Number of protein chains: 2
Amino acid sequence: MSDSLSKKDDSIGAINRAKILVAAEKEFAIHGFKGTRVQRIADRAELPKTNILYYFKSKDGLYLALLQEILSLWNSSFDNAKAQDDPSEVLARYIADKMEISRCRPDASKIFALEIINGAPNLSSFFKDQHSTWMNSRVAVLRQWIELGKLPDIDPYYLLFNIWAGSQHYADFSAQITELKGHAMDQTEFANATKSLIKLVLQGCGLIVPPLYK
Amino acid sequence: MSDSLSKKDDSIGAINRAKILVAAEKEFAIHGFKGTRVQRIADRAELPKTNILYYFKSKDGLYLALLQEILSLWNSSFDNAKAQDDPSEVLARYIADKMEISRCRPDASKIFALEIINGAPNLSSFFKDQHSTWMNSRVAVLRQWIELGKLPDIDPYYLLFNIWAGSQHYADFSAQITELKGHAMDQTEFANATKSLIKLVLQGCGLIVPPLYK
DNA sequence: CAAAAACTAGACCAATTGGTCAGGTTTTTG
DNA sequence: CAAAAACCTGACCAATTGGTCTAGTTTTTG
């Protein structure tokens, strides 16, 4: 049977589904939802178009499945941070994680960005609620840090927005960055960009950068 | 006569062209290039579809005209900064300008973002060259500031990327922000976000925030 | 004021494309 | 090993949509 619940066998179906998702991620990132052609996903996955529609009921279905997989990338170490943790360590680690996603999964980041820019028409209210809940709990921890004097006064929302913006930028705007730098960023440059961002954000809100991230 | 060179008369053609551009900006920002329907631009502009194609040769032509108008927004006070200027003042002003664009022209920002995310398929190499030239001259000024000891050592590229990312985020990701905050940001909140960003960036690279922007 | 230019607009079309269908083959399973 | 389930695929279709054509109306201009 072929419901799309999680399972990672090596059946021919699982392999093809994975190939299709990889191809679709690339196509949707480059062309957007409306601009993406099922035929081109098929070409990229080296399967006939009909198979795409066989494994995923429709273009919509494929997109939704892909989006769900992408959203799971948003989980991070910051999710479990507590008031007793060290803000510098936690935030530096969080930024480093976010930068790593931008480096390794730029297309996933782009698809998410496209979705938000267009008004999040395909994000379920379940995800939105979950996201809001997550945000509230994280803002609470940041406020506790501030009360405890571990973090200088700063609006938690704008702090988080800046971390997201600053890290996702390297994935979403890679075309611009490549153009301006004259070449695509390599791993070393990503490491430097990560250090810069960590320093900017931590120092920007009055924290000391942990030695590990200098 | 109807070449699309600049002119701001009140002829019926100029008025309609302007109405179409306003409508198109909204539609392209929400649906992307491929997802935008000429008919819907027409509906929004309250003109028959044929008139859209009359004033602009094609959907492509309309999009290109709009994009060109949007690119002109990128000019700013930072363009003319010199080594003898004060980095704190210049950068604070630059960030404030960028935030103002995000607040007043969010759809323009979104269209630019969509264009870059999709690999900048419609940005002329003329614009790219111009942009690179601009970047080189700005990086040079930042480096002079560093040499003069007016600005602590920081990679000029990553500094500028962070300013762009941090400010454009408020336009491009407004759907997410609205969802997480529970409401759309008003002018007061934009003012606070601007202060936060200025403080984060300036303090982040070791500068003092000018009183005017506190 | 007449002719040219600018503008309005309904009818229509060709091309694209997501998706269906029917008839296969291969793999799994009892 | 047979039957059922899973998988493959070419032919085909209906709907959408950017764009054209033709024919008219309004505005500008010499």
Side-chain angles (χ1 to χ4, degrees), chain A residues 1-28 30-67 111 118 121-122, chain B residues 1-28 30-67 111 118 121-122:
Chain A
M1 242 283 295
S2 64
D3 67 51
S4 54
L5 290 179
S6 64
K7 52 177 178 182
K8 40 181 173 178
D9 54 336
D10 57 351
S11 68
I12 188 161
I15 291 170
N16 281 345
R17 243 178 282 270
K19 282 208 295 188
I20 293 169
L21 284 171
V22 168
E25 183 170 310
K26 202 82 193 170
E27 289 295 322
F28 282 127
I30 298 173
H31 300 106
F33 178 75
K34 277 283 185 177
T36 291
R37 303 292 159 229
V38 176
Q39 182 61 61
R40 296 197 52 167
I41 295 175
D43 293 345
R44 191 182 282 274
E46 293 181 302
L47 288 170
K49 187 181 83 165
T50 331
N51 280 31
I52 311 296
L53 280 314
Y54 170 73
Y55 284 109
F56 299 88
K57 301 296 181 191
S58 63
K59 184 183 174 183
D60 274 86
L62 170 55
Y63 179 74
L64 253 21
L66 179 60
L67 195 59
I111 289 169
N118 293 336
N122 293 292
Chain B
M1 236 275 299
S2 65
D3 67 51
S4 54
L5 291 178
S6 65
K7 53 177 179 183
K8 40 180 172 177
D9 55 335
D10 56 350
S11 69
I12 190 162
I15 292 170
N16 281 345
R17 244 178 281 269
K19 282 207 296 190
I20 292 168
L21 284 171
V22 168
E25 183 171 309
K26 201 83 193 170
E27 289 296 319
F28 282 127
I30 298 173
H31 300 105
F33 178 75
K34 276 283 186 180
T36 291
R37 302 295 159 227
V38 176
Q39 182 62 62
R40 296 197 52 167
I41 295 175
D43 293 345
R44 191 182 281 274
E46 294 181 300
L47 288 169
K49 187 181 83 165
T50 331
N51 282 32
I52 311 296
L53 280 313
Y54 169 73
Y55 285 108
F56 298 89
K57 300 295 183 193
S58 63
K59 184 184 175 183
D60 274 85
L62 170 54
Y63 178 75
L64 253 20
L66 179 59
L67 196 58
I111 288 169
N118 292 336
N122 293 293

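Computed from a prediction, not measured in an experiment: that's the story for all the values here. Residue numbering restarts at 1 for every chain, and letters A, B, ... go by the order of the sequence lines.
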| Looking at residues at least two apart in the chain, or sitting in another chain, which of them share a side-chain hydrogen bond (donor to acceptor under 3.5 Å, both in side chains) with K26(B)? | D107(B)
| said: Distance check needed: dA5(C) C1' versus Y55(B) OH, whole Å only. | reply: 12 Å
| request: Can you tell me the distance, in whole Å, between the OH atom of Y54(B) and the C1' atom of dC7(C)? | output: 5 Å
| Ring-face cation of K59(B) near F28(B) (centre distance under 6.0 Å, axis angle within 45°) | no
| said: How many whole angstroms separate atom CZ of R40(B) from atom P of dT16(D)? | reply: 14 Å
Close N or O pairs between protein and nucleotides 17-22 of chain D (under 3.5 Å):
residue : atom : partner : partner atom : Å
dT17(D) : OP1  : R37(B)  : NE           : 2.4
dT17(D) : OP1  : R37(B)  : NH2          : 3.4
dG18(D) : OP1  : T36(B)  : O            : 3.3
dG18(D) : OP1  : R37(B)  : NH1          : 3.0
dG18(D) : OP2  : V38(B)  : N            : 3.2
dG18(D) : N7   : K49(B)  : NZ           : 3.1
dG19(D) : OP2  : K59(B)  : N            : 2.6
dG19(D) : N7   : K49(B)  : NZ           : 3.2
dG19(D) : O6   : K49(B)  : NZ           : 3.1

| Once you round it to whole Å, what is the distance between P of dT9(D) and CD1 of I52(A)? | 11 Å
| field | Rounded distance [0.5 Å steps], CZ in F33(B) versus NE2 in H31(A) | value | 12.0 Å
| N51(B) has an atom CG; how far is it from atom P of dC7(C), in whole Å? | 10 Å
| query | Do other residues, nucleotides or ligands put more than 12 heavy atoms under 6.0 Å from the NZ atom of K34(B)? | reply | no
| Tell me: CD1 of I12(A) to P of dA5(D), nearest whole Å? | 19 Å
| message | Could you walk me through whether I30(A) and T36(A) satisfy the side chain to side chain contact (heavy atoms under 4.5 Å, CB included) test, starting with their C-alpha distance in whole Å, then the side-chain angles of each, then the deciding distance to 0.1 Å, before giving a yes or no? | response | CA-CA 8 Å; I30(A) 298 173; T36(A) 291; over 6 Å; no
| Assigned partner base of dG30(C), Watson-Crick or wobble definition, under 3.5 Å | dC1(D)
Identify each donor-acceptor pair in which a side-chain atom of residues 43-50 of chain B lies under 3.5 Å from a protein atom, sequence neighbours left out, and give them as a table.
residue : atom : partner : partner atom : Å
D43(B)  : OD1  : Q39(B)  : NE2          : 3.0
R44(B)  : NE   : E27(B)  : OE2          : 2.9
R44(B)  : NH2  : E27(B)  : OE2          : 3.0

